[in-house]
Every structure is written in C-alpha cells, then in structure tokens.
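Since we're looking at a predicted model, the values are computed, not measured. Each chain gets a letter, A, B and so on, in the order its sequence line appears, and its residues count up from 1.
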2 protein chains.
Amino acid sequence: MTEPSGRRERKKAATRQKIADTALHLFLERGYDTVGIRDVAAEADVAVTTVFAHFASKEALVFERDQDFEQRLTRAVTDRPPREPLIPALHREVQALVQHCTAEGSAPVRRLIEGSPALQEYEESMSLRHAQALATALAADPHLSRSATACQATARFTIDAYALACRADDPGATVDEVFRMIEAAWEATAP
Amino acid sequence: MTEPSGRRERKKAATRQKIADTALHLFLERGYDTVGIRDVAAEADVAVTTVFAHFASKEALVFERDQDFEQRLTRAVTDRPPREPLIPALHREVQALVQHCTAEGSAPVRRLIEGSPALQEYEESMSLRHAQALATALAADPHLSRSATACQATARFTIDAYALACRADDPGATVDEVFRMIEAAWEATAP
DNA sequence: TTGTGAAACACTAACGGTTAGGGTTATCTT
DNA sequence: AAGATAACCCTAACCGTTAGTGTTTCACAA
C-alpha cells in the first residue's frame, strides 16, 4: 500500500537496471551465446541468484524494454472512442509499434535476436501471449459481437502483421499491405 | 551414393525408433518434466549421447511423428492441378491435418504438450518454420503472382488456422470459419 | 532511538539438458 | 582380408536454473 516509500525500491530498480544494462552491453559486445549468466552476474557485481530474482530467464534480459507491448495493443482496442471502427485503430497502433521497433537505436538489438534461435523462440512465445491477450480484449468488446474464433484469428493475424513488418525491408508498407488483408478477413466475419 | 545397403541403416532406424517409443511411453506414464534424458537413455538401453545423435533436443522426442507436416502443406500447393484455386486446396489439406492431430489416439500426446510450456514453445517454433516453407512455396507458384508480403501473410494465417483448430472445441468448424477469413484476405491481394 | 520483520541480496551446491573428447565395435567397401 | 567409416559408448564437463540457507539493509512503529 506504500507507493514511493523510498530507498529500497530505488536500490532494487537500480540493481535491475544495472543487470539489464550490463547484460545487453556484454551481449552486443561478445555475442549472446558466448556470454554466460555467470559473466553477466560477475560484471554487474551481483550474485547469479540475484539475476534470476529480477529476470525469469536469460532471454528475458534482452527484452527488458518491450514491457508495455501487450498493454498498448489491448488499449488500442479498449480505449478506442465509441463507434470507432476496430481495424483502423489496430492498424495505427501496429504501425506505431513497428516504427518503434525498427528505429535506428533498435537495430543492434534486432541483429542480436536474429542471430540467436533461443531469442527468436522466446520472442515468438511472447507474441503468442500477446495474441491471446488481444483476442480476449476483442471478445470482450460489446460493439463487435464476433465469434470467439473470429476474434482469435484476427488477434493472430495482427501479431503476424507486426512480426512480418519487423523483419521486412519496408516495414511501413508491409503493415499497410497486411492490414488490407486483415480488413477483408474481418469484414468476412460480419454477423 | 549407396541407397538401401542394408543392416546398418536398419539398426540405426531401430535404435531411433526404440528411443522415441521409450521416451513417449515414459513421458505419458510419469510426466514430461519428471522424466530426464538420462532416464530415457537408461530405459532404451543406449548412451545419453546416442539420444542426442538421433534427436536434436528433448522436446523433439515428442514430435517424432509430425515429420511430413511441412511437406504435406507445401505439396498441397505445388502438386495441385493447374488452374485449381489455391485457398480451397489449402483448406482441404489443413482440414485433413487437423483431423489427424485431433484424432482419438493423439489425445494423450496433446495433453502432454498442453501440460508443458517447453513443448508448446517448441511446437510454435516448428509452426513458424512451416509457415516460412509454405510462404516460399506460395511465392514460387507462377500462377499466383502475388507480392512476397501477401504470400508470407497467407502462410502465417494458414498456420494460425491449424493452431487454433487443434485447440478448439470444434476443430472442423474452426478451420472452416478461419478459412472464410483467409479466402477474403487472399482475394483482397488480387493484382 | 531502537527493536523487529521483511525484503533484497549472497553463497554454495546441486539438477537437468546438452556437448566435447576420445575410444570401441559393427558394418561397408574394395 | 584390410582399411575406412558410421554408430555407438563412456566420462566429464558446460551452462541455465533452482533450492537451501544465511546475511545485510531498509521500513516502520513503539
């Protein structure tokens, strides 16, 4: 119940940050596979157990920043003004997310991920969780009234659009093209 | 260059089969997490290294049978009679694959997979590889002449249909419904 | 101020998947 | 029959991850 009560939380956050920064730095410098958890812990000057107290797995160290991805997607649905059509809202949000993830600064991290099967698998797994959350949000929207299957499919398609665009030569155009398809698919499910 | 030259290959296949059978048996009996690779190796009477000579990972032991999944999908595209429309062909093949995977005998294995995050992650990862293979097959079909993006998106949508249907209450109906969406999406990409 | 409970962290040791290194046997080829 | 090689074995280790068990540091109230 105590919100900003001080030093302990700050120190914890600092420790977490230091671990994440150290890890990303080492990964980018020497490669994901070559750097062990023990290396990260030593360099960050913490115990190995402390690393796992802050991050669920080695892979999670790399995806520190993409915390709010899921929230942004579901909010694009739930916080949309009444009567605002669904697909354009999703389209806009995905466009923004893709731009964020293909920005200049994210390039080295993307290369890191592409270079490690373990990281790619982890990212896919995250994506599926996001798709499930989005599907739930879609099914809960009273204005849509589509079948559960239609909601789940649309959620997956949306995540597909994001995943494809992140790896495409022209991310923006890819989002637009896939969303033309999603729009048609969605219309085909109208009651 | 030697095709069926005998005993060695037969023995190798037998060893592989014995490992897979033993593993699945143990997993179903005592649970995936409770059974270690060392247990499997001991029960199959082989060395641990031999297990990994035949299977790339512990998870791969469970998916021994779904070898031809990828081939069946791509062949549904490439071996389709000329002028046969794409989506119905895919629809039929996915329907068949789903029936195969939701058949009576596959239920215990499915429960095994649902019970282990590691197995689910592995299955997703397989799915993505299949989607990429399918996308390549679509892009290579001279009759289709769609953009690379459209092919990739359609491939992913198809895999989504399979994944959703395998977990749905009514798999057949789910395939049909999602393919109505895919059909519309595909039409929307007509040149 | 000080005592108290809890949170954050450390250390050690281990577990389980996976691999490297190096040796043995069975099969294939010539 | 004599190499060549594939399949296999054994040992020992690496690495991610966790359990068990303290120890330090902070928050809070008496």
Side-chain angles (χ1 to χ4, degrees), chain A residues 1-20 22-24 26-27 30-64 112 116-122 125, chain B residues 1-20 22-24 26-27 30-64 112 115-123 125:
Chain A
M1 295 301 115
T2 61
E3 268 298 316
S5 22
R7 195 167 318 177
R8 204 171 251 182
E9 299 194 4
R10 257 184 298 121
K11 284 201 172 181
K12 181 175 180 178
T15 302
R16 181 193 168 89
Q17 194 62 38
K18 182 168 188 184
I19 294 171
T22 305
L24 199 55
L26 287 181
F27 290 159
R30 318 210 307 250
Y32 181 74
D33 298 316
T34 341
V35 176
I37 287 286
R38 290 163 177 89
D39 300 328
V40 174
E43 184 79 12
D45 197 29
V46 296
V48 170
T49 42
T50 301
V51 174
F52 285 104
H54 286 276
F55 300 91
S57 66
K58 186 187 180 187
E59 294 94 46
L61 284 165
V62 174
F63 294 94
E64 228 263 301
L112 195 68
S116 158
L119 287 176
Q120 285 174 235
E121 209 164 316
Y122 185 86
S125 185
Chain B
M1 297 305 113
T2 63
E3 268 298 314
S5 13
R7 193 167 317 177
R8 205 176 253 179
E9 298 193 5
R10 256 185 300 119
K11 285 201 174 183
K12 180 175 179 178
T15 302
R16 180 193 169 89
Q17 194 62 37
K18 182 167 188 185
I19 294 171
T22 305
L24 199 55
L26 287 180
F27 291 159
R30 318 211 306 250
Y32 181 75
D33 297 317
T34 338
V35 176
I37 286 286
R38 289 163 179 90
D39 300 328
V40 174
E43 185 79 12
D45 197 30
V46 295
V48 171
T49 42
T50 302
V51 174
F52 284 105
H54 286 275
F55 300 92
S57 67
K58 186 187 180 187
E59 294 93 48
L61 285 166
V62 175
F63 295 94
E64 228 264 303
L112 195 67
S116 157
L119 288 175
Q120 286 174 237
E121 208 165 318
Y122 186 85
E123 194 179 20
S125 186

Novice: Between Glu123(B) and Glu59(B), is there a side-chain heavy-atom distance shorter than 4.5 Å?
Specialist: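 Result no, sub-4.5 Å side-chain heavy-atom pair not found.
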Novice: Of the listed nucleotides (dT19(C), dC28(C), dT12(C)), which one gets closest to any side-chain atom of Thr49(B)?
Specialist: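 Output: dT19(C).
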Novice: Figure out the NE2/C1' separation between His54(B) and dA7(D), and round it to whole Å.
Specialist: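 His54(B) atom NE2 is separated from dA7(D) atom C1' by 7 Å.
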Novice: Would you kindly check if the NZ (Lys) or CZ (Arg) of Lys58(A) is within the cone defined by 45 degrees around the ring axis of Tyr32(A) and under 6.0 Å from the six-membered ring centre?
Specialist: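 Ring-cation test returns yes.
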Novice: Measuring from Leu112(A):CG to Leu24(A):CG, what's the distance to the nearest 0.5 Å?
Specialist: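 Answer rounded to 0.5 Å: 7.0 Å.
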Novice: In whole angstroms, how far is the P atom of dT11(D) from the CZ atom of Arg38(B)?
Specialist: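 Distance, rounded to whole Å: 13 Å.
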Novice: Could you check how far CZ of Phe52(B) sits from P of dC15(D), rounded to whole Å?
Specialist: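 It works out to 16 Å between those atoms.
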Novice: Starting from P on dT25(D), measure out to CZ on Arg10(A) and report it in whole angstrom.
Specialist: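 Atom CZ in Arg10(A) sits about 16 Å away from atom P in dT25(D).
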Novice: Classify the nucleic acid contact of Asp39(B) as base, sugar-phosphate or nothing, counting any heavy atom under 4.0 Å across all strands shown.
Specialist: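 Contact class for Asp39(B): none.
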Novice: Scan Val48(B) against the nucleic acid and name what it touches under 4.0 Å (heavy atoms): base, sugar-phosphate only, or nothing.
Specialist: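 Base, at least one base atom sits under 4.0 Å.
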Novice: How is Val35(B) classified with respect to the nucleic acid when contacts are heavy atoms under 4.0 Å: base, sugar-phosphate, or nothing?
Specialist: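 Touches sugar-phosphate only.
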Novice: Would you mind classifying the nucleic acid contact of Asp33(B) as base, sugar-phosphate or nothing, using non-hydrogen atoms under 4.0 angstrom?
Specialist: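 Nothing, no nucleic acid heavy atom in range.
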Novice: Which nucleotide wins on minimum distance to the side chain of Lys58(B), given the candidates dC9(D), dT17(D), dG17(C)?
Specialist: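 Looking only at side-chain atoms, Lys58(B) lies closest to dG17(C).
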Novice: When the nearest nucleotide of DNA chain C is assigned to Glu59(B) and to Thr50(A) on a heavy-atom basis, which residue is associated with the more 5' position?
Specialist: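 Taking each residue's closest nucleotide, the earlier one in sequence belongs to Thr50(A).
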Novice: Looking at Thr15(B), I'd like to know whether one of its side-chain N or O atoms comes within less than 4.0 Å of OP1 or OP2 on dC8(D).
Specialist: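 Yes, such a contact exists.
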Novice: Within a 6.0 Å radius of atom CD on Glu43(A), are there more than 12 heavy atoms belonging to other residues, nucleotides or ligands?
Specialist: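 No.
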Novice: Let me know the distance between OH of Tyr32(A) and C1' of dG16(D), rounded to the nearest Å.
Specialist: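 Answer to the nearest Å: 9 Å.
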Novice: Glu9(B) has an atom CD; how far is it from atom P of dT5(D), in whole Å?
Specialist: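 Taking CD of Glu9(B) and P of dT5(D), I get 17 Å after rounding.
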Novice: I'd like to know if Lys18(B) and Asp45(B) make a salt bridge, using a cut-off of under 4.0 Å between side-chain N and carboxylate O.
Specialist: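 Salt bridge absent between Lys18(B) and Asp45(B).
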Novice: Whole Å only: how far is the NZ atom of Lys12(B) from the C1' atom of dA7(D)?
Specialist: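 So the two atoms are 8 Å apart, to the nearest Å.
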Novice: Is there a donor and acceptor pair, one atom on the side chain of Arg8(A) and one on the base of dT25(D), closer than 3.5 Å?
Specialist: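 It does, because a donor-acceptor pair links the side chain of Arg8(A) to the base of dT25(D) below 3.5 Å.
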Novice: Atom NZ of Lys11(A) and atom P of dC9(C): how far apart are they, to the nearest Å?
Specialist: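 Atom-to-atom, Lys11(A) to dC9(C), this comes out as 10 Å.
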